[in-house]
Amino acid sequence: MASARSIPLDTAAIISTVLEGILYGFSVLMFIGSMWALTYKRSMRDINRPVAAAAILLLILSTAHIVLNIIRTEYGLVTYRDTYQGGPAAYFADVSQKTYVIKTSIYVLQTLLGDAVAIYRCYVVWQAAWVIILPSMLWCGVAVTGALFVYGDSQTSSTAIISTEMTMECMGAFCALTLAANLSSSGLLAYRIWKIERNVSISRASTKVMTTSVMRVIMDAAILYTIALLSIVAGSLCSNSGPFVLIDVLTPIISITFYMVIIRIAIGKNTHSQILTVRGGMTSETERGSLPQYSTKPLQVHISRSTHTDGTPVYGVWNQSRPPTRKESLGGMSCDVSSG
């Protein structure tokens, strides 16, 4: 039976739908930013296709999840409010409803996709298959417990409530394995980046700043996801209906943590390149300023010449812009260069 401390399930459905809608709006905006970061000024060959495909799939799954949540809320509070035996609370307690089973399946698939992307990132950074053995085993455990979670709901009779022992045990194991898989993959990834940063020489200080920012982004995403999972565990201890509210909220959070890594790394790269550009410009200006500056003045050239016409010497100054005539023959020349 439901605990006395549990909030009514119809109230929980309203709360979860509203919170999920708010977070879903943020996830859509972050999806647009992620697509811009992945495709801006890049050709089709330069786009990271696995990451882009994962981002699109997460958007599709989170969209389908909130649509089903809205449909269930409308069914429970409007369509079957007076016809369903027990009222709205009994409707939301019936886990044998197809909409609930499909919604739970979407949550499991989204969790598996998010954990798979984290493991893929870990493999790309390490470039070694043995590193991801433990996260992969945990991911398989997540898949098994998630399948049992969905199967248990689908086989539950319509008179059962969502706090059945099998459902709660599968949910607890699912959350624990998900937490372990996420922490292991994120921890290995952060350790690898930290190790690369430590090996960077002091002269490459800008590169160290970039690797540090990437490591912080990854750890921030892991901490956010960890807090959400721990909230589900704490909610299950405090209220039987609490985990199911938090699961609906967790669905867009999975997408947000994924998009957050893409956007913040893109912003960090742009900031890094701008810093290098500014530093390069300042260096060039400094180098130009360190050179001695000399004032340039126009030069005048005076050329003295003597010519003989009919045997009579004639002295004068030859304008360089006027060539000598045929009758003039150059007898002697002296140059006087002076600054004007």
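Computed from heavy atoms alone, side chains included, the values below leave out hydrogens, waters and symmetry copies. The first residue of the sequence shown is numbered 1, and numbering continues consecutively from there.
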A.B. asks: Excluding sequence neighbours, so at least two apart, what forms side chain to side chain contact (heavy atoms under 4.5 Å, CB included) with Ile70?
C.D. replies: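 Residues passing side chain to side chain contact (heavy atoms under 4.5 Å, CB included) with Ile70: Thr17, Ile66.
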
A.B. asks: Mind checking what makes side chain to side chain contact (heavy atoms under 4.5 Å, CB included) contact with Tyr80, not counting sequence neighbours?
C.D. replies: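 Tyr80: side chain to side chain contact (heavy atoms under 4.5 Å, CB included) contacts with Tyr75, Thr83, Tyr84, Tyr91.
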
A.B. asks: Quick one: CG on Leu188 to CG on Leu183, what's the gap to the nearest 0.5 Å?
C.D. replies: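 If we round to the nearest 0.5 Å, Leu188:CG and Leu183:CG are 10.5 Å apart.
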
A.B. asks: For Leu19, check side chain to side chain contact (heavy atoms under 4.5 Å, CB included) against everything at least two apart and list the hits.
C.D. replies: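 For Leu19 the side chain to side chain contact (heavy atoms under 4.5 Å, CB included) partners, ignoring immediate neighbours, are Ile15, Val249.
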
A.B. asks: So, taking the atom named CG in Leu224 and the one named CG in Asp220, what distance separates them when rounded to the nearest 0.5 Å?
C.D. replies: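 So the CG of Leu224 and the CG of Asp220 are separated by 8.5 Å.
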
A.B. asks: How many angstroms lie between atom NZ of Lys103 and atom OG1 of Thr251, to the nearest 0.5 angstrom?
C.D. replies: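 That separation rounds to 8.0 Å.
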
A.B. asks: So how far is it from Leu229 CG to Leu177 CG, rounded to the nearest 0.5 Å?
C.D. replies: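 The CG atom of Leu177 is 11.0 Å from CG of Leu229, to the nearest 0.5 Å.
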
A.B. asks: Could I get the full list of side-chain hydrogen bond (donor to acceptor under 3.5 Å, both in side chains) partners for Ser186, not counting sequence neighbours?
C.D. replies: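 Checked Ser186 against side-chain hydrogen bond (donor to acceptor under 3.5 Å, both in side chains); zero matches.
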
A.B. asks: Answer whether the closest heavy-atom distance between the side chains of Phe149 and Thr145 falls below 4.5 Å.
C.D. replies: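 They are not in contact (no side-chain heavy atoms under 4.5 Å apart), so the answer is no.
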
A.B. asks: Got a sec, which residues hit side-chain hydrogen bond (donor to acceptor under 3.5 Å, both in side chains) with Asp82, two or more places apart in sequence or on another chain?
C.D. replies: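 With sequence neighbours excluded, Asp82 shows a side-chain hydrogen bond (donor to acceptor under 3.5 Å, both in side chains) to no residue whatsoever.
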
A.B. asks: Could you check whether any side-chain heavy atom of Leu179 comes within less than 4.5 Å of a side-chain heavy atom of Thr226, counting everything from C-beta outward?
C.D. replies: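 Result yes, sub-4.5 Å side-chain heavy-atom pair found.
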
A.B. asks: Ala116: which residues meet the side chain to side chain contact (heavy atoms under 4.5 Å, CB included) condition with it, sequence neighbours left out?
C.D. replies: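 Only Trp139 meet the side chain to side chain contact (heavy atoms under 4.5 Å, CB included) criterion with Ala116.
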
A.B. asks: Taking only residues two or more places apart in sequence or in another chain, which ones pass side-chain hydrogen bond (donor to acceptor under 3.5 Å, both in side chains) with Ser136?
C.D. replies: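 Result, side-chain hydrogen bond (donor to acceptor under 3.5 Å, both in side chains) vs Ser136: none returned.
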
A.B. asks: Could you give all pairs that pass the salt bridge (Lys or Arg N to Asp or Glu O under 4.0 Å) test and reach residues 63-77, with sequence neighbours left out?
C.D. replies: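 Salt bridge (Lys or Arg N to Asp or Glu O under 4.0 Å) check on residues 63-77 returns no pairs.
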
A.B. asks: Any pair with a residue in residues 116-134 that passes side chain to side chain donor-acceptor pair (under 3.5 Å), sequence neighbours left out, goes on the list, sorted by first then second residue, please.
C.D. replies: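 Residue pairs with at least one partner in residues 116-134: there are none.
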
A.B. asks: What I'd like to find out is whether the side chain of Tyr100 reaches to under 4.5 Å of the side chain of Leu68, using heavy atoms alone.
C.D. replies: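 Not in contact.
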
A.B. asks: Scan for side chain to side chain donor-acceptor pair (under 3.5 Å) pairs involving residues 254-263, sequence neighbours excluded, and state none if there are none.
C.D. replies: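 Non-adjacent pairs meeting side chain to side chain donor-acceptor pair (under 3.5 Å): Gln110-Ser255.
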
A.B. asks: Would you say that Leu138 contacts Ser184 through its side chain, given a criterion of any heavy-atom pair below 4.5 Å between the two side chains?
C.D. replies: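 With C-beta onward as the side chain, the pair touches.
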
A.B. asks: Would you say Ile14 and Leu77 make side-chain contact, with heavy atoms under 4.5 Å?
C.D. replies: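 Touching, per the 4.5 Å side-chain cut-off.
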
A.B. asks: Tell me which pairs pass side chain to side chain donor-acceptor pair (under 3.5 Å) where either residue lies in residues 20-29, with sequence neighbours left out.
C.D. replies: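 Found Glu20-His65, Glu20-Asn69, Tyr24-Thr63.
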
A.B. asks: To the nearest 0.5 Å, what is the distance between CE (Met30) and CG (Leu23)?
C.D. replies: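 One finds 11.0 Å between CE of Met30 and CG of Leu23.
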
A.B. asks: Apply ring pair (Phe, Tyr, Trp, His ring centres under 6.0 Å) to Phe174 and list each qualifying residue two or more places apart in sequence or on a separate chain.
C.D. replies: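 Once residues adjacent in sequence are excluded, the partners of Phe174 under the ring pair (Phe, Tyr, Trp, His ring centres under 6.0 Å) criterion are Tyr107.
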
